[in-house]
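Report on the following structure.
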Amino acid sequence: MSIGIENLLVTGGCGFIGSNFIHYLLAREDFHGRIVNVDALTYAGNPDNLKGLATNDQGRYVFVRADICDLEAMKRIFDEYGIDAVSHFAAESHVDRSIKRPESFIFSNIVGTFNLLETARRRGDSFRLFHHISTDEVYGSLGPTGLFTEETPYRPNSPYSASKAASDHLVRAYHETFGLPTTLSNCSNNYGPYQFPEKLIPLMVLNALEEKPLPIYGDGKNVRDWLYVTDHCDAIWTIMNRGRRGETYNVGGAAEMENIAIVGMILDILDEIRPRENGRSRRDLITYVKDRPGHDRRYAIDFSKLQERLGWRPHESFATGLRKTVSWYVENRDWTERVRSGAYQEWIDEQYGE
Ligand code: NAD
Ligand code: TYD
């Protein structure tokens with residue numbers, strides 16, 4: 001089913017979803033091309049996520065440290081590597097950071113996306129596809145019922161979601177105005193290995209293991225629709241190969257959960273596989289804190305377009321996916337300790353002399 005991409009630019013490939021996507025793609029038999037991973041290595045870019053690839057997959061995998069806000073660097077990379085398709089993950093991705101310091105979200109998410117679209121457009125007919133990875137947060141917040149469809153109006157509430165909405169509009173405009181071959185996916189909350197522990201699930205797992213408080217915003221009853229990261233990677237590859245150019249596809253896990261219920265499930269798994277010395281439940285670590293400003297109440301996705309037209313559906317249930325994820329963070333203490341201590345950035349310092 002592959003569209004025969006030769007040189008795929010993956011932006012943000014050292015982040016959570018981007019690194020999972022690179023592992024996913026290199027293991028697929030219907031991808032024969034080369035991956036050029038362009039990442040600025042911000043705090044969220046972790047070279048440990050792709051350990052060994054540079055030496056084991058020589059010829060099929062190249063890493064270039066560059067900022068997508070640097071237009072000249074993007075032009076050089078597209079030319080040097082003959083880029084014929086893009087999977088665009090690179091972004092500032094954390095809502096709380098966008099509330100404290102929105103500026104980098106505007107540059108990376110909006111200007112960075114513009115630079116990539118502009119560079120892709122200049123390659124003319126040799127360019128095959130620009131796939132933009134976006135979020136369901138562009139649609140705003142739902143009440144107790146209903147689902148986001150591809151027709152739901154955009155109503156972003158945080159600087160993060162507003163910047164992603166702007167990037168989505170640019171992608172749409174480049175297709176309509178310049179005929180750039182694009183596809184776009186708006187996905188719900190992801191979870192799985194290699195997620196930076198500022199996001200709910202890895203933060204709660206690591207804090208609980210370290211006997212630290214588990215901060216629950218507001219009443220803990222905000223709802224997200226959770227998708228295991230490999231299912232997201234599979235959706236992206238399906239859309240890239242079979243999706244109609246110029247179209248948007250919603251991606252979700254049919255797994256709506258209240259935050260407090262997720263934290264309870266995580267603690268139950270941890271209490272079972274890594275019991276505390278005193279044998280007591282870790283639930284006493286739960287700490288209700290002040291709510292996030294503009295906190296969206298509920299996200300839930302209708303992914304019937306992707307399911308009915310392209311045959312994709314999620315394979316992992318939330319219960320099995322969460323158990324796999326919690327076990328991964330428990331078993332990969334080397335990765336978690338290097339993230340928590342900041343040691344993951346040593347490689348960057350050694351390579352780039354910072
Ligand atoms: P992440 O924060 O884990 O990783 C982002 C990566 O982008 C990092 O490696 C970082 O170094 C890189 N980056 C940031 N700014 C850059 C720049 N200016 N130039 C080059 N590289 C830069 O994010 P993630 O969770 O993997 O999300 C990836 C994409 O998926 C984002 O576009 C995000 O909006 C989208 N998304 C995420 C989720 C989720 O639940 N995490 C859900 C839906 C959509
Ligand atoms: P998060 O993982 O930051 O993803 P997003 O804001 O993009 O959905 O947060 C998921 C949910 O968990 C959200 O409702 C906010 C809540 N949350 C907490 O209650 N405590 C925390 O420490 C964090 C990081 C999030």
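Numbering of ligands and ligand atoms starts at 1, following listing order. Residue numbers run from 1 in the order of the sequence given. Worth saying up front: this structure is predicted, and the values here are computed from it rather than measured.
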Starting from [atom], locate the nearest protein heavy atom and write down its residue, its atom name and how far away it is, to 0.1 Å.
atom: atom 25 (C) of ligand 2; value: Y217 CE1, 3.6 Å
atom: atom 38 (C) of ligand 1; value: I17 CD1, 3.6 Å
atom: atom 2 (O) of ligand 2; value: L200 N, 2.9 Å
atom: atom 23 (O) of ligand 1; value: S93 OG, 3.3 Å
atom: atom 4 (O) of ligand 1; value: G15 CA, 3.3 Å

- Task: With atom 13 (N) of ligand 1 as the reference point, say which of A90, G252, C69 has the nearest heavy atom.
- Result: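 Looking at heavy atoms only, A90 sits closest to atom 13 (N) of ligand 1.
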
- Options P215, S188, S161, P213, ranked by nearest heavy atom to atom 20 (N) of ligand 2, top entry: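 It is P215 whose heavy atom sits nearest to atom 20 (N) of ligand 2.
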
Does some non-hydrogen atom of [X] fall short of 4.0 Å from ligand 1?
X: D39; answer: yes
X: S19; answer: no
X: G112; answer: no
X: Y160; answer: yes
X: F89; answer: yes
X: A66; answer: yes

Measure [X] to ligand 2 on non-hydrogen atoms and call it side chain, backbone, both or neither using the 4.0 Å cut-off.
X: N189; answer: side chain
X: E198; answer: backbone
X: I201; answer: neither

With respect to [X], determine whether any N or O atom, backbone or side chain, lies less than 3.5 Å from an N or O atom of ligand 1.
X: H232; result: no
X: Y43; result: no
X: T135; result: no
X: K199; result: no
X: N189; result: no
X: S108; result: yes

Taking the six-membered ring where the residue is Trp, are the ring centres of [X] and [Y] under 6.0 Å apart?
X: H315; Y: Y228; value: no
X: Y288; Y: Y217; value: no
X: Y249; Y: W312; value: no
X: F130; Y: H175; value: no
X: F196; Y: Y43; value: yes

- Task: Show which atoms of ligand 2 fall inside a sub-4.0 Å distance from at least one heavy-atom site of K199.
- Result: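 Atoms satisfying the 4.0 Å criterion: 2 (O).
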
- Query: Side chains of H132 and S167: is there a donor and an acceptor less than 3.5 Å apart?
  - Reply: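 Distance-only check passes for H132 and S167.
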
- Can N109 and Y160 be counted as having a side-chain donor-acceptor contact under 3.5 angstrom?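 There is no such pair (donor and acceptor under 3.5 Å, judged by atom type) between the side chains of N109 and Y160.
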
- Message: To the closest 0.5 Å, what do you measure between CG (D291) and CG (D219)?
- Response: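 It is 7.5 Å, given to the nearest 0.5 Å.
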
- Query: Can you name the one residue among E256, E258, E137 that meets salt bridge (Lys or Arg N to Asp or Glu O under 4.0 Å) with R298?
  - Reply: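 Option passing the salt bridge (Lys or Arg N to Asp or Glu O under 4.0 Å) with R298: E256.
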
Check this for me: does any side-chain nitrogen of one of [X] and [Y] sit under 4.0 Å from a carboxylate oxygen of the other?
X: R282; Y: D271; result: yes
X: E118; Y: R121; result: yes
X: K164; Y: D136; result: no

- Query: Are L270 and W335 in one and the same hydrophobic cluster, where Ile, Leu, Val, Met, Phe, Trp and Tyr link if side-chain heavy atoms are under 4.5 Å apart?
  - Reply: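 Shared cluster, yes.
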
- Quickly, which of E151, E150, E247 forms a side chain to side chain donor-acceptor pair (under 3.5 Å) with K305? Name it, please.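 That would be E247; it is the only one of E151, E150, E247 passing the side chain to side chain donor-acceptor pair (under 3.5 Å) with K305.
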
- Item | For ligand 1, the portion of H94 having any non-hydrogen atom under 4.0 Å away |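 Near ligand 1, H94 shows nothing, with every heavy atom at 4.0 Å or more.
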
